[in-house]
Amino acid sequence: KNMSINSDSSEEIEDSKEKPMPGAYYCLAVLSTVNALNYTDRYIPSATKEFIIEEFNLSDAQSGYSVLVFLLVYMFTSPIFGTLSDYGTSRKALLLFGIVAWSISAASAYFAPNFAAFLVSRAFVGVGEASFVTITPSLLSDFFPPQMRNRVLTIFYAAIPVGSAIGFILGGVFSSYFGWRKAFLFTGLPGLVVAIFIFWIKDPGQGTYEEEMVHVGWVDALKMFWNSKVYMNVLVGSVFVVFGLGATADWFPTYISRHVDGANIMNAGLITGAATVVGGLLGTLIGGFVADKLKTKINNPYLFTSAFGLVLGVSLSVVVLFVSNMPLVICMLVSSQVFLWSYSGPTNALTANVMPASVRTRAFGFQLIMIHLLGDAISPTVIGVVSDATGSLSIAISLAPITIFLGAVIFGLGWKFLDENSRSVAPIATEEEELQSIESSASCLSKKTLNQVQEIVFSSVADMSTVEGDSSTESDVQPAISEQLHAEPEMIALSEVEYDLDSSDDAADLAS
């Protein structure tokens, strides 16, 4: 009777689960702004590549080492931050650490006396960005209900093309007028200012929209990832897509400056930046919007939108590789970017929705490891090696649209054969694990609490026996239960900790 919930209360609870948590939109605004700065710092090296090659006397292959070092550190530290978050470390503290770390490290490239020191600065940028990028999707998922996550993550990821464009533009302009070092200095330091706004984010806690929170270890978490066909489809498809997009992002300003009529480093950065911000922003927003609109019309709309958009984007990007006319290159580049960015919001929303809160941060962290390890951590260097070997950057960069198309095929197969609504669940605890949980809970009971629990159990059993026509009474039932409860004192340890459970409701909850 005490455990029952009336229909009005039930409706209120269900209604609350349809709404964002307090402070959700402030959190989204702050984190989206930080994400833009994150990608500004990430793409400054790509925009200044030709100047860095010249100063440190590098080959095309060696120039890709900065991306390789950054992403290797980035992906191997991501699961560390994911684990810390899932096991209760303050997410605000981890976010602050990440933003401050990457901002200082990015700016420190200004002082690099040689290429080795420059690589060290990029490695520490990877540490800071790993903390931020791993934690934010999970944090936003705890602020917003599942049906809003695609739109929310679409807005969050729309900051990527904006930040990337700022990096390309500022990198090209600063390098041309003030030198490449000042480009790193003046784009790194603003992160320290924005970090202040993290203090006003109120973390709602993990699993705010989950029915239950079951904490699992890494072994069980990896089994959950593997057993989720939707998660694995998103992961494998993203590997191919990120390989191609990473190669394009790192090499395209250089490609334009070498192969497009009338181009140089400064206007190549401006062209790439403008195409990224216009096409990327539109593509990310349109992709999320279209995926939500298709929910009532087709199965697996998120995977369909991702696959279809990437196929169109690849088709347009191939044209760019066969023309040298500046206006035509700009037109095709912007158009291709619109479709190539359409997959970002839907695929990340899928990851958030199919994984329970207890492993969601680690799910994003593991995804980051794999897509970067096999994707954009190696693709810029691969393009550089092929360029050096063939003497043609055009041949080398043509690998990018091929791998993106393969990613689109994988998403297409997922759309055709999988179910986006299938959700991964935590492994069922064994009998031994359940017993350990009971022992842990029982050890917190005081004598006073245990007596209250016993009284409720006794009366409940007696009532049930009477209803069923059994002649047993409370006095008959109580000795047997008392004997059973105290037969194994090591199981039900009576601690000296006292709890305020004078309320019959609280005692009833505990008894249940």
Side-chain angles (χ1 to χ4, degrees), residues 137-138 140-141 144-158 160-161 224-246 280 282-317 336-356 359-360 363-364 366-368 370-372 374-376 401-425:
S138 177
L140 287 171
S141 297
F144 292 91
Q147 68 272 15
M148 294 184 66
R149 287 174 187 163
N150 178 49
R151 281 169 285 169
V152 168
L153 291 176
T154 293
I155 294 171
F156 175 72
Y157 287 109
I160 294 178
M224 293 170 67
F225 303 159
W226 176 258
N227 291 332
S228 173
K229 294 179 180 179
V230 173
Y231 178 83
M232 292 304 299
N233 179 270
V234 170
L235 190 154
V236 176
S238 296
V239 166
F240 285 97
V241 174
V242 170
F243 183 100
L245 292 180
L282 286 175
T284 303
L285 295 174
I286 291 173
F289 175 80
V290 170
D292 278 340
K293 286 296 182 182
L294 291 176
K295 279 182 178 179
T296 57
K297 295 179 173 58
I298 63 172
N299 291 327
N300 301 333
Y302 290 0
L303 289 172
F304 172 81
T305 303
S306 301
F308 188 71
L310 288 171
V311 169
L312 291 177
V314 166
S315 303
L316 293 169
S317 66
S336 66
Q337 290 288 308
V338 170
F339 295 105
L340 289 176
W341 282 91
S342 63
Y343 89 105
S344 180
T347 53
N348 281 283
L350 276 178
T351 298
N353 289 341
V354 301
M355 286 294 149
V359 298
R360 190 175 292 138
F364 279 106
F366 181 74
Q367 199 172 71
L368 286 174
M370 300 310 297
I371 66 176
H372 292 308
L374 303 176
D376 55 358
I402 295 173
T403 61
I404 295 173
F405 178 75
L406 291 175
V409 170
I410 292 170
F411 290 145
L413 292 173
W415 163 63
K416 190 69 176 177
F417 298 108
L418 300 181
D419 178 12
E420 288 181 357
N421 296 318
S422 60
R423 195 166 183 275
S424 182
V425 296

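Nothing fancy with the numbering, it's 1 onward along the sequence.
The only option from V234, L235, V230 that meets the side chain to side chain contact (heavy atoms under 4.5 Å, CB included) definition with T351 turns out to be V234. Of the candidates I404, T305, L245, L303, L245 is the only one forming a side chain to side chain contact (heavy atoms under 4.5 Å, CB included) with Y343.
There is no side-chain donor-acceptor pair under 3.5 Å between S238 and Q367.
Here the closest heavy-atom approach between residue P346 and residue S306 is recorded as CB-OG, 3.9 Å. The two atoms that bring G309 and S342 nearest to each other are CA-OG, 3.4 Å, heavy atoms only. Nearest heavy-atom pair, A408 versus V311, reported as atom, atom and distance to 0.1 Å: CB-CG2, 3.8 Å. Across P301 and A291, no two heavy atoms sit closer than the pair CB-O, 3.4 Å. Here the closest heavy-atom approach between residue V314 and residue P401 is recorded as CG1-O, 3.6 Å. Taking all atoms of both residues into account, the shortest heavy-atom contact from K295 to Q147 is NZ-O, 4.0 Å.
With contacts defined as side-chain heavy-atom distances shorter than 4.5 Å, the pair F289/R151 does not qualify. P161 has its side chain within reach of T284: a pair of non-hydrogen atoms, C-beta onward, lies under 4.5 Å apart. Between L153 and F144 the shortest side-chain heavy-atom distance does not fall below 4.5 Å. Between F243 and V239, every side-chain heavy-atom pair lies at or beyond the 4.5 Å cut-off. Using a 4.5 Å heavy-atom threshold, the side chains of P137 and Y157 count as touching. Inter-residue side-chain proximity for Y302 and T347 is flagged as unmet; no heavy-atom pair is nearer than 4.5 Å. Side chains of T403 and V241 form no contact here, defined as non-hydrogen atoms less than 4.5 Å apart.
Taking CG of L285 as the reference point, atom CD1 of I155 lies at 7.5 Å (rounded to 0.5 Å). In this structure, the separation between CG on L374 and CD1 on I371 is 10.0 Å, given to the nearest 0.5 Å.
Using modelled atom types, no side-chain atom of R149 and backbone atom of A349 make a donor-acceptor pair closer than 3.5 Å. For the pair N233 (side chain) and I410 (backbone), a donor-acceptor distance under 3.5 Å is present.
Aromatic ring orientation, W415 versus F304: tilted (interplanar angle from 30° to 60°).
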